[in-house]
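This report refers to the structure that appears directly beneath it.
In this text the structure is predicted, and so the values were computed from the model without any measurement.
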Amino acid sequence: MKMSQIRERVVITGMGIVCPLGHDVASFWEGLLSGRSGANRTTIFDASTFPTTFDAEVKGYDFRRQIRRPELHEGCSRGSGFVIGAAAQACQQARIEVESNEPNDGIDRTRMGIYLGAGEGSLDNDSFFASIIAGWDAEQQRMIWPRSIRVAMERMTAVRELEQEPNMAAGHTAMLTGARGPVRSCLTACAASTQAVGEAMMLIRRGDADIMIAGGTHSMIHPLGITGFNLLTALSQRNDSPETASRPFSASRDGFVIGEGAAILILESFASARRRGVPILAEVAGYGCSSDAFRVTDMHEEGRGAVQAMWAALTDAGLTPADIDYINTHGTSTVENDSIETLAIKTVFKDKAKQIAVSSIKSMLGHLIGAAGAAEIIASVLAIRNGIVPPTMNLHDPDPRLDLDYVPNAPRTMTVNTVMKESFGFGGQNNVVILKRFCEET
Amino acid sequence: MTSVRVVITGLGAVSPLGLTVDEMWAGLTAGRCGIARIKAFDPTGLPCELGGEVPLYRIQDHVPKALRKATKLMCRDIELSVIAAKEAVTTSGLITKGIDPEKVNVEPTRFAINMGAGMISCDLEELGPATAASVVDGRFDIRKWGADGIRQITPLWLLKYLPNMLACHIGIIHDIQGPSNTITCAEASAHLAIGEAAQIIARGDADIALAGGAEAKVNMMIMVRQNLLKRVVTNRNDAGPSACRPFDANAAGAVFGEGGGILVLENLDHAKARGARILAEIAGIGQSHSIHTPYVEMEPEGTGIRIAVEKAISDAGIEADDLDLIVPHGTGVPHDDLAEARGLEAALGAAVHRIAVWPTKSQLSTTGAAAGALDVIAAVRAMNERLIPPARNFTRPADGCNLNILTERREGSIRHALCCSHTFGGQTAAVVLKSFEGDAKP
């Protein structure tokens, strides 16, 4: 395989987001600074009898209003609709033409790729369950398949079924942007879009692409998704107070608040950005990835994999722990994650750990699962650009064992040059990306 | 930056032709077909009742004693991947914790995994009791599901079906603590995963990687989906072995099946240092995307395939004439096969008339995320055995297909082989393998 002889610097030239706090970057940031919660009662389906009856939904959004030719994407999943809007915004900022057969932006489409951390689309629930009901023989406790097949073949539709596939979001993004370079989609649970951004950076560094449309999209707010998380007792059940339920690092945290959305960053080689004369928002300086190889149900008790990924990202960026100003945590508000993440930060940052600003925006945004990391990378870039660290809201009863500076309950004005963004996924997936203020000379 | 070469040192395959690479190769060379009427469930009522099913196995036989409890959390996709991983590791001469904890010869943090996985459909029978408990007036009632149905499902249910759990279970068994990713680009997944794993080794983030894919498509809901999408053969339910006919004038659709294929990829220096047997080299990879408005089919000219193939050949630093074998995606879906034939012809020029083309899906069926890995394994075996078997079920080329599809076995050395894949979401991928004979002593 060919190797690029120079290591391309990778910068960010566009960002777009569709999330519970708003449908663009400005409203997302305004929401984070005002401490607004995206959580409320579940409206996507009737969850009133579920153990958890609330979530953080994208409300009042329609991708058809974001683009000129929505008919090409008709029937797409909720997640694909989100990513179409987020990608269109990011491309606009980065001066990449979308929905054009003959783009005039000077970008070679074979040098522009896509890397998404993207989740499944929702099942066609009524048809799915009707099909099981038709086939289930309660006496014999087994399926009579032909009965089930008949109902499924009658009621399900090809497009609805196809659009559930997780690679369809990347397909819609390619159709929107004309990207013909490397296109990948990954799904490493809650770490997926941080992984997508990290691997996209590597593709540019390697010289496989000049531009990567990178990020994630996901909505697991569907009956089987919520069922699964409720069964794992991973979701907060603070049904009487959705907006305060996500309370990372607090003593009374009882699980995460599920959210949904899409977040897209335009990654670009510095050479390409300079040639095109587009403003540079920040630099992606380092990436680290590891796996716990421990248990499918739990994180490694000492955060072994998390520590390894953090070190790998620092080494890749050529930085030391002393260079990091702000850690945007995974911070899910589950008992396990917040404890082990704190422990891992202390292991890596040692004496300096308590002097670093550490916050979780999931306290407001909820947990966007596959899309979470990319949304949080956007927040990290905004922290650098605006000199403000978004807070960890709802942190009124600190867990005495968790003693870092979590930037509780109010944003903090401070100089931020370097951010470490961590994401951890079920099964022991650890991904860390380091963002830096862009300076032309390194 | 010094150039790192990445080689293949182990293979593992579970396919409709058997539980090992040897069985698959023996079946392929003997012209056997792994396609028959579906046995896993009664397919009556599906327009296509055929599938490619893996022979019986006991998963407990393939998992270390200490981890047998974990098999309860393995869906079939995971099982297939675990079996293939064990064979790949064993044949590579690596000793992991899962092979013999006393004699480990792998550094866990320098060991990566990159798996292709499908959108896993849950076991419907497992949801039978919960669904039955949620019926009101003969119909599914979401409120009853939330109140009563959920409780009938095992708490860890969700963890069986997350796509990244293939890599996580394998990672736990073999103690893989380096980078881990799960690519979810349907039938292009395995080539993309192999390509990414090779890049991870090339950039120095690991010395060894397990890479490939697994998917169990013989599931009622998945088969309903393929039937609704009209991608299946519907006129040969009584003639399974002749049903799938890639590039043939009488092709009428694909047959879907299950499998798992995993390769051990290794830094050449690392492989040499431990005296490993080198089976082939990963010489180049390429990726692109098909952009077509009716996105359920490939663009007719195969542009996305052409670009991926051109990139892979360029990455390998070779010319089209250096290729002696192509293992195409070729599913038996006439429109898509023709697009692939045109894309290959456009990429390879006059050489396309000479290079032997050997489609495997007439024998292996279309195994989703496993397909690309099984094809690479078949190509490596062909290189090692200096033998290309004839294409099964190919008698007369479809109109417009100018590929040199083998109708008789061909013997002789294979300098380079090309494997390519594409999927309905649009992703395209190509891998170039280089023979290692004469390059170094085994």
Side chain, backbone, both or neither: which part of [X] has a heavy atom under 4.5 Å from chain A?
X        : answer
B/Leu73  : side chain
B/Gln427 : side chain
B/Pro47  : side chain
B/Ala70  : neither
B/Arg139 : backbone
B/Glu299 : side chain
B/Leu162 : side chain

Can you check whether [X] reaches [Y] side chain to side chain, under 4.5 Å on heavy atoms?
X        : Y        : result
A/Thr157 : B/Leu228 : no
A/Asn167 : B/Thr184 : no
A/Leu232 : B/Pro155 : no
A/Phe426 : B/Met165 : yes
B/Phe140 : A/Asn125 : no
A/Pro146 : B/Asp42  : yes
B/Arg5   : A/Met1   : no
A/Trp145 : B/Thr44  : no

Inset, instruction - Could you tell me which of B/Lys97, B/His292, B/His169, B/Gln226 has the largest number of non-hydrogen atom pairs under 4.5 Å with chain A? - result: B/His169
Inset, instruction - Give the member of B/Ala429, B/Cys185, B/Ser290, B/Ser189 that has the highest number of heavy-atom pairs under 4.5 Å with chain A. - result: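 Sorted descending by pairs with chain A, the first entry is B/Cys185.
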Do the side chains of [X] and [Y] get close enough for a salt bridge, i.e. N-O under 4.0 angstrom?
X        : Y        : result
B/Asp315 : A/Arg206 : yes
B/Arg203 : A/Glu199 : yes
A/Arg184 : B/Glu196 : yes

Chain B heavy atoms under 4.5 Å from [X]: which part of the residue, side chain, backbone, both or neither?
X        : value
A/Thr110 : both
A/Glu163 : side chain
A/Phe45  : side chain

Below 4.5 Å, heavy-atom pairs only: which of [options] has the largest tally toward chain B?
options                                : value
A/Met168, A/Glu165, A/Met175           : A/Glu165
A/Arg109, A/Arg150, A/Gln164           : A/Gln164
A/Gln141, A/Glu120, A/Met143, A/His73  : A/Met143
A/Pro166, A/Gly305, A/Ala170           : A/Pro166
A/Ala179, A/Gly225, A/Ala312, A/Gly288 : A/Ala179
A/Asp208, A/Ile133, A/Leu116           : A/Ile133

Legend entry - Distance-only donor-acceptor check, side chains A/Thr227 and B/Trp157, under 3.5 Å: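 Per modelled atom types, A/Thr227 and B/Trp157 side chains form no pair under 3.5 Å.
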Inset, instruction - Would you mind listing every salt bridge (Lys or Arg N to Asp or Glu O under 4.0 Å) that reaches into residues 166-188 of chain B, with sequence neighbours excluded? - result: B/Glu187-B/Arg231
Can you give me the closest heavy-atom contact between [X] and [Y], atom names plus distance?
X        : Y        : result
A/Met153 : B/Gly45  : CG-O, 4.4 Å
A/Thr49  : B/Ile142 : OG1-O, 3.9 Å
B/Gly178 : A/Gln308 : CA-NE2, 4.1 Å
A/Gly181 : B/Lys311 : CA-NZ, 3.6 Å

Inset, instruction - Using the side-chain contact (heavy atoms from CB on, under 4.5 Å) rule, take A/Cys186 and B/Asn181 through it: C-alpha gap first, then chi angles, then the decisive distance, then the call. - result: CA-CA 7 Å; A/Cys186 69; B/Asn181 199 4; 3.3 Å; yes
Could you measure the distance from the [atom1] atom of [X] to the [atom2] atom of [Y]? Nearest 0.5 Å is fine.
X        : Y        : atom1 : atom2 : result
B/Cys122 : A/Ile132 : SG    : CD1   : 6.5 Å
A/Asp46  : B/Arg143 : CG    : CZ    : 5.0 Å
B/Met221 : A/Ser127 : CE    : OG    : 8.5 Å
B/Ser121 : A/Glu161 : OG    : CD    : 9.0 Å
B/Leu192 : A/Tyr115 : CG    : OH    : 8.0 Å
B/Leu158 : A/Leu224 : CG    : CG    : 9.0 Å

Inset, instruction - Check for a donor-acceptor pair, side chain of A/Arg180 on one end and backbone N or O of B/Ser288 on the other, with a separation under 3.5 Å. - result: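 Answer holds: no.
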Inset, instruction - I would like to know whether A/Met202 and B/Ile200 meet side-chain contact (heavy atoms from CB on, under 4.5 Å); could you show each step before the answer? - result: CA-CA 9 Å; A/Met202 289 296 184; B/Ile200 284 168; over 6 Å; no
Inset, instruction - Report, as yes or no, whether the 6.0 Å neighbourhood of atom CD on A/Glu302 holds more than 12 heavy atoms from other residues, nucleotides or ligands. - result: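 It does not: A/Glu302 CD has 12 such atoms or fewer within range.
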Inset, instruction - Write out, in numerical order, the residues from residues 289-299 of chain A with a heavy atom short of 4.5 Å from a heavy atom in chain B. - result: A/Cys289, A/Ser290, A/Ser291, A/Asp292, A/Ala293, A/Phe294, A/Arg295, A/Val296, A/Thr297
Inset, instruction - Could you give me the CA-CA distance, side-chain angles and deciding distance for A/Ser148 and B/Met220, then say whether side-chain contact (heavy atoms from CB on, under 4.5 Å) is met? - result: CA-CA 9 Å; A/Ser148 190; B/Met220 190 211 94; 3.5 Å; yes
Inset, instruction - Determine, stepwise, if the pair B/Val135 / A/Trp136 fulfils side-chain contact (heavy atoms from CB on, under 4.5 Å). - result: CA-CA 12 Å; B/Val135 175; A/Trp136 182 247; over 6 Å; no
